[in-house]
Amino acid sequence: MPQPVPPKETAAPAALRCSRCGATVEGTRHARTTYTVGYYLLHTGRTVEATFVGRDGETPIAYRRLTEGVDVVSCPRCFAEPAVRRQWEAFGDEGASRA
């Protein structure tokens, strides 16, 4: 007689919090014709320069490889502030200040 399989125990996911104000954020809510953004996520971190050979077998292609990933979360209220928007929009630009 087959034994019943016990349900898998899954840990509840940790609540995401805004990196700036600390508010708990929820996922985006979808309705039939609209949606409400719950949070903005920037996946970033330490990178190193790396290269690989292109499809032609000769041309090396340089890129930045992510070695230590970090997620930066912003709630919609913080993201609506002009200073925060400018910082996110300028992310990755040469000479942009690091926060």
Problem - Ser19 side-chain N/O to Ser74 backbone N/O, donor-acceptor pair under 3.5 Å - result: no
Problem - Arg29: partners by salt bridge (charged side-chain N to carboxylate O under 4.0 Å, His left out), with sequence neighbours left out - result: Glu26
Problem - Partners meeting side-chain hydrogen bond (donor to acceptor under 3.5 Å, both in side chains) with Thr59 (sequence neighbours left out) - result: Asp56
Problem - Hydrophobic cluster membership, Val70 vs Leu16, 4.5 Å side-chain cutoff - result: no
Donor-acceptor list for residues 75-86 side chains, cut-off 3.5 Å, not counting sequence neighbours:
from, atom 1, to, atom 2, distance (Å)
Glu81, OE1, Arg20, NH1, 3.0
Glu81, OE1, Arg20, NH2, 3.1
Glu81, OE2, Arg20, NH1, 3.3

Exercise for the section: Would you mind listing the cluster partners of Leu66? Hydrophobic ones only (ILVMFWY), side-chain contacts under 4.5 Å, chaining allowed. Expected result: none
Practice task
Look at atom OH of Tyr35 and say whether more than 12 heavy atoms of other residues, nucleotides or ligands are closer to it than 6.0 Å.
Solution key: no
For residues 39-46, which side-chain N or O atoms pair as donor and acceptor with protein atoms under 3.5 Å away, sequence neighbours left out?
from, atom 1, to, atom 2, distance (Å)
His43, ND1, Asp71, OD1, 2.5

Exercise for the section: Please check if the side chain of Arg64 supplies one atom and the backbone of Thr47 the other of a donor-acceptor pair under 3.5 Å. Expected result: yes
Completion exercise
Sequence neighbours excluded, the answer for salt bridge (charged side-chain N to carboxylate O under 4.0 Å, His left out) partners of Arg17 is none
Problem - Nearest non-hydrogen partners of Cys18 and Val25, listed with the distance - result: N-CG1, 4.4 Å
